[in-house]
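The structure appears right after this line, and notes come after that.
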There are 2 protein chains.
Amino acid sequence: MTTSKPDATVLRTFAPERHDHRRCVSTALSKADAACTASGLRLTPLRRRVLELVWGSHTPVKAYDLLAILGRERHQAAPPTVYRALDFLQEAGLVHRLASMNAFVGCGEPGGTHAGQFLICSGCGTVAELAEPGLSKTIAASAERLGFEVVRETIEIEGVCADCRRSKPRTGRGAASTAAK
Amino acid sequence: MTTSKPDATVLRTFAPERHDHRRCVSTALSKADAACTASGLRLTPLRRRVLELVWGSHTPVKAYDLLAILGRERHQAAPPTVYRALDFLQEAGLVHRLASMNAFVGCGEPGGTHAGQFLICSGCGTVAELAEPGLSKTIAASAERLGFEVVRETIEIEGVCADCRRSKPRTGRGAASTAAK
DNA sequence: AGTAAGCTTGTTAGATGATAACATCAAATA
DNA sequence: TATTTGATGTTATCATCTAACAAGCTTACT
């Protein structure tokens with residue numbers, strides 16, 4: 001699920017347990033088509049397929065997972081194939097790379113290349129993308145005081161999403177059930 | 001340069017051009033000794049040496065650079081040697097890993113395992129570590145609204161530090177001097 | 001001291017992540 | 001059509017990180 005939320009700062013919400021994810025994918029692809037057409041970028045079949053695969057997963061996707069899938073589909077696929085497609089998609093603002101986990105997620109609001117702010121749930125692995133102006137503003141203010149000019153922000157917050165907190169509530173001191181291991 | 005700054009939110013400042021960095025290193029090692037003694041952790045010769053090497057560089061250090069140095073010193077050193085030491089130092093709160101560049105920096109204020117907020121200068125490569133409560137608070141507020149429980153923050157801001165801005169001032173549209181490559 | 005337990009390091013091997021360099025092919029343009 | 005540019009194929013390699021087991025040290029207890 002990604003669009004038409006009242007809260008404009010949430011570009012991509014955590015994936016709810018039940019939803020027709022195919023619609024997310026097709027919506028994302030349509031947006032991508034439009035965005036590329038508008039800016040004169042070439043969303044080739046390969047690039048489009050990679051984008052589709054990235055969106056196809058609820059959770060961030062690793063480059064080599066994509067590579068494995070492409071390898072099955074195309075009889076041949078080497079790392080550069082996938083990395084080049086991902087590079088293009090990143091520059092086009094269609095996917096984001098999560099540095100803290102070396103993985104990629106579809107961008108909920110393609111268009112301008114914007115800084116991503118991500119909440120990553122360690123329970124279900126899904127990711128929410130925010131665009132909190134307040135956050136960027138606070139960072140800019142801190143940087144300003146040191147005379148630092150901000151170019152790129154990497155903000156990735158790991159934690160537990162609301163759904164996972166409900167299904168695996170925390171006890172007072174350490175979880176009891178899944179404590180082993 | 002790392003300590004005794006009036007601004008308590010700056011845990012580690014950008015390295016000034018001229019300073020006796022050996023003092024930074026020895027200060028950091030003393031702090032580490034004290035912290036480990038206090039918390040019953042074993043700062044073995046190997047771990048201490050790795051910490052020293054990390055601090056020895058003004059800029060974030062790559063694991064394989066450490067490995068190369070250790071290899072020269074010890075006649076043998078394999079990746080696990082260095083990664084294990086780094087893991088220990090991270091958990092002890094003595095170094096931070098910068099996910100956006102796969103590198104490590106000494107922590108300016110060891111002790112509790114705190115979230116790092118980093119300003120990374122792409123000019124000189126040096127890093128400042130902040131602890132802006134306002135920033136964490138803003139993040140917590142955004143997370144709160146989504147019912148998200150924050151566990152770990154990865155905040156890495158890339159840009160240009162004050163010194164580098166002075167020495168390579170930006171022109172109106174694109175730098176002229178160092179534009180080629 | 002003896003010795004068992006647990007932590008630390010050595011060692012080998014390999015998984016995973018990413019890029020360089022050059023060849024080939026397709027699309028856009030002159 | 002010829003030329004140029006961009007996209008993809010291909011091979012090779014580098015960089016980052018981890019698993020698994022062996023060996024050595026410390027610690028704590030008898």
Side-chain angles (χ1 to χ4, degrees), chain A residues 32-33 36-37 39-54 57 59-92 94-105 125 154 156 181, chain B residues 32 36-37 39-54 57 59-92 94-105 154 156 181:
Chain A
D33 286 330
C36 288
T37 300
S39 52
L41 296 173
R42 292 176 53 192
L43 190 62
T44 63
L46 175 62
R47 291 165 173 173
R48 199 170 190 279
R49 178 62 183 141
V50 170
L51 179 59
E52 187 178 20
L53 289 174
V54 170
S57 168
T59 57
V61 186
K62 302 274 193 168
Y64 272 64
D65 292 341
L66 296 172
L67 187 57
I69 298 172
L70 287 180
R72 260 175 264 136
E73 292 178 357
R74 304 167 69 86
H75 94 78
Q76 100 276 53
T81 301
V82 118
Y83 281 104
R84 282 193 289 230
L86 288 170
D87 283 348
F88 169 86
L89 294 171
Q90 277 182 90
E91 293 199 0
L94 298 171
V95 305
H96 291 287
R97 189 182 118 87
L98 299 179
S100 64
M101 55 193 303
N102 297 330
F104 300 82
V105 285
T154 297
E156 298 173 15
K181 198 277 148 123
Chain B
C36 287
T37 300
S39 52
L41 297 173
R42 292 176 54 192
L43 190 60
T44 63
L46 174 62
R47 291 165 174 173
R48 198 169 192 280
R49 178 63 183 139
V50 169
L51 179 60
E52 187 178 19
L53 289 174
V54 170
S57 168
T59 58
V61 185
K62 302 275 194 167
Y64 271 65
D65 293 341
L66 296 173
L67 187 57
I69 297 172
L70 287 180
R72 260 175 265 137
E73 292 178 355
R74 304 169 69 88
H75 93 79
Q76 99 276 53
T81 300
V82 119
Y83 281 105
R84 283 193 288 230
L86 289 170
D87 284 348
F88 169 87
L89 294 172
Q90 278 181 90
E91 293 199 1
L94 298 171
V95 305
H96 291 288
R97 189 181 119 89
L98 300 178
S100 64
M101 55 192 305
N102 298 331
F104 300 82
V105 287
T154 298
E156 299 173 16
K181 168 50 206 292

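Chain naming here is simple, since letters A, B, ... match the order of the sequence lines and numbering starts at 1 in each.
Residues Arg48(B) and Leu51(B) fail the side-chain proximity criterion, which asks for heavy atoms closer than 4.5 Å. For the pair Thr81(A) and Val50(A), the minimum side-chain heavy-atom distance is 4.5 Å or more. Between Leu70(A) and Arg49(A) there is a side-chain heavy-atom pair separated by less than 4.5 Å.
Close to dT11(C), at under 4.0 Å from its OP1 or OP2, lies no side-chain N or O of Thr81(B). At the phosphate of dC7(C), neither OP1 nor OP2 sits under 4.0 Å from any side-chain N or O atom of Arg42(B).
Considering all non-hydrogen atoms of both residues, Arg97(B) and Glu156(B) come closest at O-OE2, 3.9 Å. What you find for Leu94(A) and Cys36(A) is that their closest heavy atoms are CD1-SG, 4.0 Å.
Rounded to whole angstrom, the span from the CD atom of Gln76(B) across to the C1' atom of dA23(D) amounts to 12 Å. Rounded to whole angstrom, the span from the CG atom of Leu67(B) across to the C1' atom of dG10(C) amounts to 13 Å. One interatomic measurement links the two molecules: CG of Leu41(B) to P of dT27(D), which rounds to 14 Å at whole-angstrom precision. When the C1' atom of dG9(D) is taken as reference, atom CZ of Arg47(A) falls 14 Å away, rounded to whole Å. Between the P atom of dT8(C) and the CG atom of Leu86(B) lies a distance of 15 Å, rounded to the nearest Å. Atom C1' of nucleotide dT8(C) and atom CZ of Arg49(B) are separated by 19 Å, given to the nearest angstrom. As a whole-Å value, the separation of Leu43(B) CG from dC25(D) C1' is 17 Å.
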Summarise protein proximity over nucleotides 12-23 of chain C in one line of letters, 5' to 3': B for base, S for sugar-phosphate only, - for none, counting protein heavy atoms closer than 4.0 Å.
B----BBBBB--

Verify side chain to side chain contact (heavy atoms under 4.5 Å, CB included) between Leu43(B) and Phe88(B), making sure each step is shown before the conclusion.
CA-CA 9 Å; Leu43(B) 190 60; Phe88(B) 169 87; 4.1 Å; yes

